[in-house]
Amino acid sequence: MNPPFEAPEFEHLSYQVEDRVAIVTLRRPQALNALNQDVLVELANVTEVIAQDPEVRVAIFTGEGRAFVAGADIGEIAALEDVFAAREFAILGQSVFNEIAALPLPTIAAINGYALGGGLELALACDLRVASTKARLGLPEVGLGIIPGFGGTQRLPRLLGRGRALDLIFTGRHLSAEEALSLGLVNRVGEDALETAKELAAAILKNGPIALALAKEAVGRGENLDLQEALEIEADLFGLACATQDMREGTRAFLEKRTPQFKGE
Ligand SMILES: C/C=C/C(=O)SCCNC(=O)CCNC(=O)[C@H](O)C(C)(C)COP(=O)(O)OP(=O)(O)OC[C@H]1O[C@@H](n2cnc3c(N)ncnc32)[C@H](O)[C@@H]1OP(=O)(O)O
């Protein structure tokens, strides 16, 4: 039998698993959870933990206090010594967020407050976003004389389209949760972001975990391909899904008029 999985201790975030849902809470509230290099490294480490934790089927990222994340740490940006150091800083953020985006399970950003700059970019690396009614979202980097550098110039236009993304990037304005919902930047708005994210996670958890991972893979791999190539990937992954015990269980349960018991096999 495998020993119980033990996650390491973190300084700037907490990691807990409730009912197969991992909850990562950024905890640097005195700086509105701004992402300095230490926080980014811990985010990379916790992402690895999520990937290895056999109990986890959905992951939620959220923040402590009145911010989700108010961006990359502006003090650290101001101290970047040259073009190479600045480029490395962007690559660090991008690679951490790429790891989050590549997790083979559904991820949800529970945006409890400010999600600005790198904070919105973190949320964009998640599959789904839910916001509290108090949330404020935006990419205000140009107001600092910089550009979004943790994926925002690429993930935002892919999600909203070029015109809407450039409106937000050029103006740097803060959107309310309702505006973000109407633009399609967030999927749901609720009084309490974490509770709303947990409800969404519970709805997702009813489904087969392998099917969820394959669906995410199909969407991700097809995104930048032409339709025919992408459809071929979809057909291959559909084939894989049909080779699982979960497929046997899901189809049998439907025919027997009962709830399926998926095992992820
Ligand atoms: C590649 C990625 C690049 C980026 O992400 S660049 C950063 C983009 N983000 C921003 O530009 C947002 C910066 N923050 C703000 O504009 C404001 O904050 C808020 C509107 C979010 C909130 O304003 P208020 O309620 O007045 O709070 P407060 O006194 O400004 O902030 C509380 C403490 O948090 C620190 N803080 C906030 N955001 C950051 C940040 N992004 N980097 C470093 N520190 C930050 C402040 O300085 C302050 O600290 P103290 O109490 O010691 O004065």
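Bear in mind that the values here come from a model prediction, so they are computed numbers and not experimental data. When a residue number appears, it is its place in the shown sequence, counting from 1. One-based numbering, in listed order, for ligands and for the atoms of each.
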Glu179 bridged to Arg173 by N-O distance under 4.0 Å: yes
Would you call Glu249 and Arg258 a salt bridge, taking side-chain N to carboxylate O under 4.0 Å as the test? yes
For Phe97, which residues count as a ring pair (Phe, Tyr, Trp, His ring centres under 6.0 Å) partner, sequence neighbours excluded? Phe150
If you count heavy atoms of other groups shown closer than 6.0 angstrom to CZ of Arg27, is the number above 12? yes
Crowded around Gln16 CD? As in, over 12 foreign heavy atoms under 6.0 Å? yes
Write down, by chain and number, every protein residue that brings a non-hydrogen atom to less than 4.0 Å from an atom of ligand 1. Gln30, Ala31, Leu32, Ala34, Arg66, Ala70, Gly71, Ala72, Asp73, Ile74, Ile77, Tyr114, Leu116, Gly117, Gly118, Glu121, Pro140, Glu141, Leu144, Ile146, Gly149, Phe150
Same apolar cluster (I L V M F W Y, side chains within < 4.5 Å links), Tyr114/Leu120: no
